[in-house]
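Below is one structure; the comments refer to it alone.
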Amino acid sequence: METFKDKLLQILKNINSEYFTVKQIYGILQTHSTAERRAVTDALTQLEKDCQLIYDARNHRYRIVKEGDYGVAEFCGNARGFGFILSDDGDDLFVPANKTNGAFHKDTVMYKRIKGTTDEAEIVKIVSRGMTHIVGTYDKSNNARFVLPDDQRFASDIYIQPKRDLGAKNGQKVVARITVFPDDNRNCPEGEIVEVLGFAKDKNVDILSVARSFGLSQDFPPAVQKRAEAIAQTLSESDLSGRRDLRGCTIFTIDGEDAKDLDDAVSIVKNADGTFTLGVHIADVSHYVKSGDDIDKEAFARGTSVYLPETVFPMLPRELSNGICSLFEKVDRLTLTCEMTINSVGKVVGYDVYPSVINSCHRMTYTAVQAILDGAMDSEELRRYSDIVQDLFTMKELAEILQRKRDKRGNIEFNTKEVYFEHDAKGRVVDVKVVQNSFSHQLIEEFMIVANETVAEYAETCCYPFVYRVHAKPDEAKLAVLLALMRGLGINVKRSQEIHNSVLQDALLQAKCTPFFNLVNDVMLRTMQKAKYSDVNTGHFGLASKSYCHFTSPIRRYPDLVVHRVLKAAISGKMTDKAFRAYEDMCYDAAKQSSLREKIADEAERKADDVKKCAYAERVIGKTFSAIISGVTERGIYAELDNTVEGFISVDKLGSYLSYNPQQFCLFNDAVKYSLGDAITIRVASVNRQACKIDFDIMPAKVN
């Protein structure tokens, strides 16, 4: 129903004038009585609050909002009350504490730039609240009860209403639901405790706290769980209809020892003409999860499985992820197969995509595969895998060909480290270790990449709606800094009109032969933009791929599930005009949501690793380690141990006055220079688990 303020706004829009005084508006509406004028004034106030009108206080007049007057973005808070407006292009705006207008960390807000400034803004309206559930420590040491947020960017404690503390004890970690947000930042939000996690040092409470702070749960809504439990865990004859039967083929999985969601299997044949027939067989999750059903809606909301130390928060219920969809050994499973014919230089010269049914003959691990390839497996164990040994060596041959092909076209291979944590019986971290990837990991990666490229190129050629994995070229300003740094280090950077993958690839290879490899690798990583999902194909810069997607993990990634639906509709002849339009919408929504959920998952995984690293650092306070300078700021330097544990050394610990050179990533004076990538010796000084920060002391260099 159209309200008075709506009618008033429409009248003003129809009048050929930019500004209106209240007196002019009274005249336009022919208002005479006090009640009528009060109604007009109330409507104007509401329109201003709704950001439909702007009031110019200096000239006492209104004007209709124009495009560009306001922006909508996420607010990033700070413990000291101020914050920032975050934009996708990195052009963030500072929001003073007195201009936040009641906004809290992660709120979506409407803002406008502050006149007379170039990088400041004020918040004019809160569009939606970002954090309605807060993880923190329960404090009832005084008569009043509060939850003190773990995330200090949420710059307020939560007042807990009487009899709504769920029996929590003082000092326990809890989850509080905010029930009342204040109109401004002068008062605390009010809330109730909805979950008691336990005391901070209780087993698993640290990871559970991280999970809850990002809204992660292993439990599924009742309707979703009920639907999952109703799915049969064995195949019926009707399930096999319209599928190629590959159960007599030699097909197997290769995964980590602890993996439970096995969503890809592989097969290979070397043909008489020297080509290879590579089969990549992916769990057909779309057979069980139908578009728009309860499981699908929950999978869309989650977007991805999240892997925290020793804990998985799955996208799909376990009946699917660890059940009927997982490609277990010696059981029949439904798959979507991408079968490719690849020649001796790694070119896909033919392919077919089709629904299939397989029976994996072995559940292989990376460790076992590498032992076979290295000739290190004992003869008794080797006999167990005698039926696939030759296949593994053929796979190794093809993987090396594919790797050479990608290297030739400019693939950029960064040196990144993944870690795992060793715990004692009480769940305490006793060590942090770097995962050692072998060629068996690379083998599977090469096969998954070529399958992803093949189906993406198929969709692109046929102009089907699709979810692509895209990676933009580096930001020009950041790239200029990187190129200047590398040239300053004596690395011969090829000159070209437009930066190409091969230029950075070549520079990184050169850096491997110098003491500056870690420096160049780290700065180049920071220069790169983040890969994301899109329904528009713009290519993948890092992989030097014209068309790329995620097809190979539908158990744990929602875009893969949508890709499967599109492919099955296309190959079955069901891509009607109506279906085409529906898939267009589905792909657009999936790309947007999945990019957002991937970002949240990455943040949660980093936070969980940081929490565990802090727990480890507490055990080694006072101990000395070798480290590499991993970051340089005006305030000091960051240093990273061999196991990736990182700490900060403030500038006051580094000696006399130091100058900061952001182009060279260093702090220096006449006597000393601290540069990104330098080797130093540190001592673990202290750990602040609440802030998730580790402080180091720098140790004097040893004199021989």
Side-chain angles (χ1 to χ4, degrees), residues 246 249-255 263-271 273-283 327 335-354 356 358 364 366 369 373 391-413 437-462 466-471 501-502 505 531 537 539-554 557 559-560 563-564 566-567 570-571:
L246 304 181
C249 301
T250 302
I251 298 172
F252 49 91
T253 61
I254 305 175
D255 290 276
D263 48 15
D264 59 88
V266 290
S267 61
I268 198 163
V269 174
K270 189 167 185 182
N271 305 308
D273 62 357
T275 63
F276 302 82
T277 299
L278 172 67
V280 175
H281 315 275
I282 307 301
L327 308 181
T335 48
L336 190 59
T337 291
C338 178
E339 184 179 285
M340 296 156 283
T341 301
I342 304 173
N343 66 17
S344 59
V345 293
K347 182 180 180 180
V348 177
V349 294
Y351 65 87
D352 196 6
V353 181
Y354 54 86
S356 53
I358 70 166
M364 297 298 292
Y366 293 117
V369 169
L373 296 178
D391 284 0
L392 288 173
F393 280 98
T394 303
M395 287 181 175
K396 178 176 183 288
E397 181 184 357
L398 177 58
E400 289 172 340
I401 290 171
L402 292 171
Q403 191 175 31
R404 285 195 296 271
K405 180 195 174 189
R406 288 204 302 121
D407 288 344
K408 187 175 181 180
R409 75 186 186 194
N411 171 66
I412 304 170
E413 201 72 52
N437 285 341
S438 60
F439 184 79
S440 59
H441 292 81
Q442 188 67 37
L443 182 151
I444 289 298
E445 182 178 351
E446 294 298 337
F447 292 172
M448 297 306 111
I449 288 174
V450 73
N452 287 335
E453 288 182 330
T454 299
V455 297
E457 287 170 7
Y458 166 65
E460 174 81 356
T461 301
C462 297
F466 214 58
V467 181
Y468 296 96
R469 182 69 169 175
V470 300
H471 183 219
N501 324 65
S502 60
Q505 178 201 50
N537 182 28
H540 195 294
F541 182 82
L543 292 174
S545 180
K546 293 179 180 178
S547 299
Y548 194 70
C549 73
H550 278 166
F551 157 77
T552 54
S553 295
R557 292 188 305 229
D560 304 54
V563 162
H564 278 222
V566 172
L567 291 172
I571 61 184

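Remember, predicted model here, so these are calculated numbers, not experimental data. In this chain, residues are counted from 1 in sequence order.
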Between [X] and [Y], which heavy-atom pair has the shortest distance, and what is it?
X: N501; Y: G542; answer: ND2-N, 4.3 Å
X: P554; Y: H564; answer: CG-CE1, 3.8 Å
X: H540; Y: A531; answer: NE2-CB, 4.2 Å
X: V467; Y: V563; answer: O-CG2, 3.7 Å
X: A265; Y: I251; answer: CB-CG2, 3.6 Å

What's the verdict on side chain to side chain contact (heavy atoms under 4.5 Å, CB included) for L567 and V455, showing C-alpha distance, side-chain angles and the deciding distance?
CA-CA 8 Å; L567 291 172; V455 297; 4.1 Å; yes

Using salt bridge (charged side-chain N to carboxylate O under 4.0 Å, His left out) as the criterion, list what pairs up with [X], not counting sequence neighbours.
X: E413; answer: none
X: D560; answer: R557
X: D352; answer: R244

Could you list the residues that satisfy side-chain hydrogen bond (donor to acceptor under 3.5 Å, both in side chains) with S547, not counting sequence neighbours?
N537

Among all residues two or more places apart in sequence or in another chain, which pass the side-chain hydrogen bond (donor to acceptor under 3.5 Å, both in side chains) test with T335?
S356

Would you give the length of the straight line joining atom [atom1] of [X] to atom [atom2] of [Y], rounded to the nearest 0.5 angstrom?
X: L336; Y: T552; atom1: CG; atom2: OG1; value: 11.5 Å
X: M340; Y: L278; atom1: CE; atom2: CG; value: 4.0 Å
X: D263; Y: I282; atom1: CG; atom2: CD1; value: 6.5 Å
X: M364; Y: L392; atom1: CE; atom2: CG; value: 5.5 Å
X: S267; Y: M395; atom1: OG; atom2: CE; value: 6.5 Å
X: I358; Y: C249; atom1: CD1; atom2: SG; value: 10.0 Å

[X]: side-chain contact (heavy atoms from CB on, under 4.5 Å) partners, not counting sequence neighbours:
X: T394; value: I268, K270, F276, Q390
X: Q442; value: Q403, R406, F439, E445, E446
X: N343; value: T275, V345, K347, V349

pair [X]-[Y]: side-chain heavy atoms closer than 4.5 Å:
X: V450; Y: Y351; answer: no
X: V266; Y: M448; answer: yes
X: D391; Y: T250; answer: yes

Keeping Q505 on the side-chain end and D407 on the backbone end, is there a donor-acceptor pair under 3.5 Å?
yes

Return yes when atom NZ of K396 has more than 12 non-hydrogen atoms of other residues, nucleotides or ligands closer than 6.0 Å, and no otherwise.
no

For Y366, enumerate each residue passing the ring pair (Phe, Tyr, Trp, His ring centres under 6.0 Å) test, keeping only those at least two apart in sequence or located in another chain.
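Residues passing ring pair (Phe, Tyr, Trp, His ring centres under 6.0 Å) with Y366: H441.
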
For F447, all residues meeting ring pair (Phe, Tyr, Trp, His ring centres under 6.0 Å), sequence neighbours excluded
none

How would you list all residue pairs meeting side chain to side chain donor-acceptor pair (under 3.5 Å) that involve residues 447-458, not counting sequence neighbours?
R409-E453, N452-Y548, E453-S545

